[in-house]
There are 2 protein chains.
Amino acid sequence: MIALTPGEKAALAALGERERRLRRNAVLLSENDRLTELFVLKQGMMMSYVLLDDGRRQILRFMFPGDFLATAALAYGTSPETLMALTDSIVCPFDRSVMAGLFDHHPRLAAAITALEQMERVAMTDRLAAIGRTSAKARVAGLLLELRHRLRAAGNSLAKGAAPASFSPGITQEEIGDATGLTAVHVNRMLRQLEDDGLLARDGGRFTVLDDARLARTANYVDRYAGLDFGWLPQPR
Amino acid sequence: MIALTPGEKAALAALGERERRLRRNAVLLSENDRLTELFVLKQGMMMSYVLLDDGRRQILRFMFPGDFLATAALAYGTSPETLMALTDSIVCPFDRSVMAGLFDHHPRLAAAITALEQMERVAMTDRLAAIGRTSAKARVAGLLLELRHRLRAAGNSLAKGAAPASFSPGITQEEIGDATGLTAVHVNRMLRQLEDDGLLARDGGRFTVLDDARLARTANYVDRYAGLDFGWLPQPR
DNA sequence: CGTTCGTTTGAACTGGTTCAAACTGCGTGG
DNA sequence: CCACGCAGTTTGAACCAGTTCAAACGAACG
């Protein structure tokens with residue numbers, strides 16, 4: 001999408017030098033843990049969440065290869081959220097100071113990372129609006145569409161081309177509930193309804209979108225990736 | 001908080017050169033408007049929101065002096081949200097290319113801006129968790145505490161010192177509802193309950209916190225500002 | 001002084017929760 | 001190979017937090 005200079009390529013590659021493997025369900029970082037590193041997710045699927053004092057959980061985000069993890073380290077000394085692997089995963093840790101070097105020597109990369117942060121922030125606002133103001137059915141449908149999009153080309157979230165009709169996010173209904181602010185029970189009912197409406201088919205953990213347009217409509221889905229524009233980035237150096 | 005070099009001071013000052021005045025309720029930017037500039041809010045209070053197709057509104061964020069507006073311009077060609085003035089306000093527009101210059105010539109400032117973005121992202125996740133997983137009473141209490149904090153020293157959100165017991169956010173119950181995912185009617189009932197519980201006193205649009213600790217507890221309030229850590233920022237240049 | 005915008009209160013209603021129980025598939029150990 | 005246990009799914013029934021609808025009230029403002 002953006003042609004990188006050899007120097008930029010090297011700088012990015014340096015982020016991926018150290019590797020750390022995580023088993024499914026492993027916690028990379030807990031809420032309030034000391035925070036001195038960031039990570040790039042190289043392989044697998046992860047999530048971040050917070051726990052409330054009554055034990056309820058809110059999943060904040062699902063993460064896919066290429067995503068930065070623990071970016072809160074750029075402003076906080078302790079983690080505001082827990083990071084957990086949903087599948088066996090590989091992450092690449094790097095120190096906060098490496099980020100400082102990036103800003104110093106690769107301004108265009110730093111700017112691109114800032115742009116990615118914006119995308120994430122906007123995704124978050126979409127979720128906020130969904131949870132605050134839409135029905136349970138819309139929220140579940142919306143999450144499925146988001147997951148489909150992100151699974152489409154993990155490691156290349158800007159991939160073009162039609163999204164696959166069939167996909168397998170590999171998360172439980174409990175997790176869908178914790179991401180959408182619903183109970184697992186009600187998620188189940190909404191999935192059944194989407195199925196009964198003929199929008200969706202299910203088989204085990206696998207979903208098949210039957211009516212793309214109608215599903216997107218019931219989800220209030222907006223494809224943010226269509227409106228991307230990185231025209232402002234500084235010159236390569 | 002961070003000692004700026006003369007060059008950095010000049011660069012920041014340059015962002016504030018042009019001024020644009022907005023009346024209360026004026027729309028600075030509508031959803032889907034073409035997006036080529038960012039802004040710094042110099043004076044007043046603003047908010048950003050999205051409208052759903054059924055006319056419901058979700059307020060995403062309240063903005064105070066010193067905040068950047070329309071940062072989505074760093075990734076998108078059109079605005080994902082509407083920006084509206086809640087009081088008469090002054091904003092300072094600057095082109096996206098100015099941001100590019102900042103990354104090129106003032107890496108430490110650019111990094112600091114990225115850190116601010118992180119703070120905003122975390123504030124958003126707190127709201128997400130509140131709306132997704134807490135009671136109406138907690139959400140209303142939480143919003144009030146957040147507003148108090150931000151009003152404390154508008155233009156210097158990192159100010160130390162006790163928050164004032166009494167403050168006047170100047171927003172309607174309808175707006176509190178649209179920010180917390182509730183109806184105006186129910187917001188009213190929650191305010192009365194907080195009052196009956198002896199946590200809060202009200203007079204017109206003015207709130208007085210009577211029991212700080214208990215209010216914070218019912219709100220699940222976490223003071224994120226306590227854990228800030230910008231130790232990683234690159235050297236001044 | 002009437003109009004408009006926001007607040008307040010009541011009463012009926014409903015989307016989503018809670019609790020409970022049955023069911024499914026799957027890995028593990030005997 | 002089977003039995004067991006476990007994690008997740010599915011369904012029903014009662015319940016409740018928050019919504020909806022309706023109406024009255026107050027204060028600011030032209």
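Quick note on labels: first sequence line is chain A, next is B, and so on, each numbered from 1. Predicted, not measured: the structure shown is a model, and the values here were computed from it.
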Q | Flag side-chain contact, heavy atom, 4.5 Å: Arg224(B) against Val222(B) | A | yes
Q. Quick one: is Arg192(B) getting a side-chain N or O under 4.0 Å of the dT8(C) phosphate, OP1 or OP2?
A. no
(Q) Using a heavy-atom cut-off of 4.0 Å across all strands, would you classify Gly181(B) as base, sugar-phosphate, or nothing? (A) sugar-phosphate
(Q) Can you tell me which nucleotide in dG16(C), dT9(C), dT11(D) comes closest to the side chain of Val185(A)? (A) dT11(D)
Q. Within the structure, does a side-chain N or O atom of Asn188(A) lie under 4.0 Å from either OP1 or OP2 of dT9(D)?
A. no
Q: Using whole Å, report how far CD of Glu174(A) lies from C1' of dT9(D).
A: 11 Å
Q) Should Thr183(B) be listed as having a side-chain N or O under 4.0 Å from OP1 or OP2 of dT19(D)? A) yes
Q | Residue that, paired with Lys42(A), satisfies side-chain contact (heavy atoms from CB on, under 4.5 Å) out of Glu19(A), Arg20(A), Arg21(A) | A | Glu19(A)
Q: In whole angstrom, give the distance that lies between atom CD of Gln193(B) and atom P of dT7(C).
A: 18 Å
Q: Using only side-chain N and O atoms of Arg202(B), determine if any of them is under 4.0 Å from OP1 or OP2 of dG6(C).
A: no
Q | Atom-to-atom span, NE2 of His186(A) to P of dT18(C) - whole angstrom | A | 12 Å
Q: Specify the separation, in whole Å, of atom CD of Gln173(A) and atom P of dG16(C).
A: 16 Å
Q. To the nearest Å, how far apart are Asn25(B) CG and dT4(C) P?
A. 17 Å
Q) Does Arg56(B) put a side-chain nitrogen or oxygen below 4.0 Å from OP1 or OP2 of dT19(D)? A) no
**Q.** Rounded interatomic separation in angstrom, taking NZ from Lys137(B) and C1' from dT19(D)
**A.** 19 Å
Q | Val140(A) and its side-chain contact (heavy atoms from CB on, under 4.5 Å) partner, picked from Leu191(A), Asn188(A), Leu145(A) | A | Leu191(A)
Q: Check every atom of dG12(D), dG10(C), dG6(C) against the side chain of Thr172(B) and return the nucleotide holding the closest atom.
A: dG6(C)
Q: Is it possible for you to check whether Arg57(A) lies under 6.0 Å from the centre of the six-membered ring of Tyr49(A), through NZ or CZ, and within 45° of that ring's axis?
A: yes
Q) Looking for any heavy atom pair under 4.0 Å, which part of the strands does Arg189(A) touch: base, sugar-phosphate only, or nothing? A) base
Q. Between Glu195(A) (CD) and dT10(D) (C1'), how many Å, whole number?
A. 12 Å
Q | Test item: side-chain donor near acceptor, Gln118(A) and Thr71(B), under 3.5 Å | A | yes
Q) Rounded to the nearest Å, what distance is computed from the CD1 atom of residue Ile171(A) to the C1' atom of nucleotide dA7(D)? A) 16 Å
